[in-house]
Protein chains: 2
Amino acid sequence: MTLTRTFAVLADDTRWRILQLVGEQDLSASALAKRLPVSRQAIAKHLSVLQETGLVEPAWVGRELRYRAAGAELSRLAGELEQIARTWDRRLAAIKAVAESL
Amino acid sequence: MTLTRTFAVLADDTRWRILQLVGEQDLSASALAKRLPVSRQAIAKHLSVLQETGLVEPAWVGRELRYRAAGAELSRLAGELEQIARTWDRRLAAIKAVAESL
DNA sequence: GCGACGTGCAATCGTCGAGTTGCACAAGCC
DNA sequence: GGCTTGTGCAACTCGACGATTGCACGTCGC
């Protein structure tokens with residue numbers, strides 16, 4: 001899963017509302033459809049891409065397919081971003097240091 | 001700037017290539033256009049949204065408008081993600097603890 | 001002054017993706 | 001058995017957005 005693809009997956013309000021609900025308790029696509037203003041099929045698609053990205057994990061309970069939020073992928077992403085941010089700031093600090101030495 | 005909006009801004013390969021270049025040295029839209037396979041106007045638009053998001057900062061040098069990468073916003077985002085990830089994992093840990101106590 | 005370079009705005013095109021509707025099928029409950 | 005509920009697949013619509021092209025304006029250097 002590429003970096004930009006993961007961002008694209010996270011760049012959707014409906015998906016975040018799903019993640020929030022699924023972060024509180026395990027829920028099926030139908031259960032989510034009752035709490036959100038979109039169709040069950042739309043939610044099923046969202047859950048599919050969320051699962052492909054590793055942000056959500058499925059679990060069968062009877063004939064229900066419930067999902068739960070998984071933090072690992074999000075945590076990994078946070079680490080990458082923090083590292084990139086530090087790289088940029090290092091360069092700016094170096095520039096600033098040179099400027100002050102003049 | 002909302003969370004999803006920031007993700008949408010980061011969910012583009014061209015913008016990341018711009019960020020990478022601008023993270024190494026200050027560059028203008030025209031200079032970036034010479035290094036990337038897209039038109040100057042396309043890059044100017046990208047720089048505009050990157051600036052609105054706080055991921056890039058402009059600086060006039062003569063008649064050139066150069067940009068540089070800024071890590072603050074990215075670092076802030078990383079912090080938010082890490083916190084959300086921890087919240088999810090806490091719930092899973094609690095569920096696991098209950099399951100093992102049975 | 002004049003040409004080259006850098007920037008900005010507007011209109012247009014093509015594509016991708018979120019959402020819907022419709023249908024089919026399996027599993028549980030009266 | 002019949003009804004409800006949950007899932008899955010396919011076709012379609014529609015809006016957002018990345019990218020291009022064209023034009024106009026300011027600025028620097030010969």
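Chain letters run A, B, ... following the sequence lines, proteins first and then strands; every chain starts at 1.
We find that CG of A:Leu27 is positioned 16 Å from C1' of D:dT7, with the value rounded to whole Å. Rounded to whole Å, the distance from CZ on A:Arg66 to P on D:dT5 is 16 Å. Rounded to whole angstrom, the span from the CZ atom of B:Phe7 across to the P atom of C:dG17 amounts to 18 Å. Atom CG of B:Leu65 and atom P of D:dC28 are 14 Å apart (whole Å). When the P atom of C:dG8 is taken as reference, atom CG of B:Leu47 falls 10 Å away, rounded to whole Å. Atom CD1 in B:Ile43 sits roughly 15 Å away from atom C1' in C:dG8 (whole-Å rounding). One interatomic measurement links the two molecules: CZ of B:Arg5 to C1' of D:dC17, which rounds to 10 Å at whole-angstrom precision. Atoms NE2 (A:His46) and C1' (C:dT20) sit 12 Å apart, rounded to a whole Å.
Classification of B:Lys96 and B:Asp89 as a salt-bridged pair fails, no side-chain N sitting under 4.0 Å from a carboxylate O.
Residue B:Trp60 is grouped with residue B:Leu50 when hydrophobic side chains (ILVMFWY) are merged at heavy-atom distances under 4.5 angstrom, including chains of intermediate members.
Residue A:Thr14 places its side chain closer to C:dG19 than to any other of C:dG19, C:dT20, C:dT7. Closest to the A:Ala42 side chain, of the nucleotides C:dG19, D:dT4, C:dT7, is C:dG19. When the nucleotides D:dA19, C:dT7, D:dC17 are ranked by their closest atom to the side chain of B:Glu64, C:dT7 comes out on top.
Within the structure, every side-chain polar atom (N or O) of A:Ser28 is placed at least 4.0 Å from both OP1 and OP2 of D:dG6. An OP1 or OP2 oxygen of D:dT20 is reached within less than 4.0 angstrom by a side-chain nitrogen or oxygen of B:Ser39.
No donor-acceptor contact under 3.5 Å links the side chain of B:Gln41 to the base of D:dG18. For a distance-only test at 3.5 Å, the side chain of A:Arg63 fails to qualify as a donor-acceptor partner of the base of D:dT7. The base of C:dA18 is not paired with the side chain of A:Lys45 by any donor and acceptor separated by under 3.5 Å. With hydrogens and angles ignored, no donor-acceptor pair closer than 3.5 Å exists between the side chain of A:Arg40 and the base of C:dG19.
Annotation: of the two residues near DNA chain D, A:Ala44 and B:Gly62, the 5′-most nearest-nucleotide partner is A:Ala44.
In the displayed structure, B:Glu80 atom CD is contacted under 6.0 Å by more than 12 heavy atoms of other residues, nucleotides or ligands.
Side-chain atoms of A:Glu73 and A:Thr53 include no donor-acceptor pair closer than 3.5 Å.
Nucleic acid contact for A:Arg15: sugar-phosphate only, since backbone atoms but no base atoms lie under 4.0 Å from a heavy atom of the residue.
The two residues A:Arg68 and B:Leu92 make their nearest non-hydrogen contact at CD-CD2, 3.6 Å.
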